[in-house]
Amino acid sequence: MSRLNDLAGRRRFDFSILTDMRCEVFDFTAHVNVADLNDRKHAITRVDDAVRVSKYRLVFRMPTLIGPGRFSSSTEIGVSTDVVDYPINEPNTWMISPDVPWSPHFREGSPVCLGNEAWKDHRGHITLGHLVLHLARLLNWDEKGRGLGYVGWNGTAIEYHRTHYRGRPLNPDIKYPTLPSWLSGTPDTMSDGFEIITMSVAWKPSSVEWLQ
Amino acid sequence: MSTDKINIKLLHPTNSEESLTAAVLPTATPAYLIQQMINAKFIPAPSRASQYALSNVQTGQQLLENTTLQAAGLGDGAILAVHHSTSGAARALER
């Protein structure tokens with residue numbers, strides 16, 4: 001199979017995954033170019049047309065910090081899969097929302113700091129669906145400790161979160177989007193067959209840092 | 001086929017302080033549960049040279065990856081340990 005066919009298949013694959021992940025907290029629009037994305041025009045809605053899609057507007061309808069004690073109820077992030085050797089290399093990301101999340105992973109004018117563990121370490125065995133899950137958790141501050149010395153792009157925000165949330169997610173009850181069951185070969189009858197009741201993850205300030 | 005969910009507790013492979021309690025269908029398989037734990041970021045995705053398995057804490061018996069909980073005789077309140085293993089050949093290759 002040619003690389004062109006590989007890319008077309010991959011684009012349809014990513015589009016199908018995101019389509020099946022739409023939920024209360026996540027939505028998206030798909031576009032052929034950035035101009036259409038910016039103008040919110042000509043959104044691609046059919047998987048057959050997704051071979052031309054390389055730009056996504058990801059919409060997260062969940063509260064996230066945009067300053068000390070200040071929240072935004074929705075965050076929009078742009079994604080472009082037009083990168084060399086995608087999906088080996090991570091897609092480009094950028095902030096669309098005017099309010100940039102107050103977080104060590106977000107900064108105005110910069111791509112989202114995903115960390116190697118979120119994409120690069122998977123060596124291409126990863127989809128845009130996984131990226132959506134990762135971004136949702138970053139927005140909810142739902143990740144393991146990265147060590148006391150970690151400041152990322154915003155040490156003040158880390159300190160604020162540590163003081164006010166003690167390392168816990170902003171909203172521990174949020175229902176994240178889920179990867180479609182067909183991705184893991186799960187029969188349809190298993191959909192929604194895994195409901196997390198509690199997840200205790202030890203908060204370890206000295207735990208292994210898993211950002212580069 | 002029973003559609004009533006059962007509560008199970010999953011123990012993290014490397015940190016005994018970490019656990020995940022979930023309501024699942026009795027028809028869930030270890031392969032499915034492992035994928036769900038990865039989705040929930042309770043455990044990281046395995047590398048190409050490693051894999052996860054589940055065992056019944058009470059009996060120590062490892063579960064076959066495509067056997068349902070029901071078929072393995074597990075019901076409400078079951079506690080399962082998650083194990084992570086890396087193949088020896090892969091370790092050698094990584095050196």
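First the proteins, then the strands, lettered A, B, ... as listed; each starts at 1.
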Among B:Val24, B:Leu20, B:Thr21, find the one that has a side chain to side chain contact (heavy atoms under 4.5 Å, CB included) with A:Ile196. B:Leu20

Closest contact, heavy atoms only, A:Met199 versus B:Ala40: CE-O, 3.6 Å

To the nearest 0.5 Å, atom CZ of A:Arg137 lies from atom NZ of B:Lys41 at 7.0 Å

Over all heavy atoms of both residues, which pair between A:Leu133 and B:Asn39 is shortest? Give the atoms and the distance, please. CD1-O, 4.0 Å

To the nearest 0.5 Å, what is the distance between CD on B:Gln35 and CZ on A:Phe194? 10.5 Å

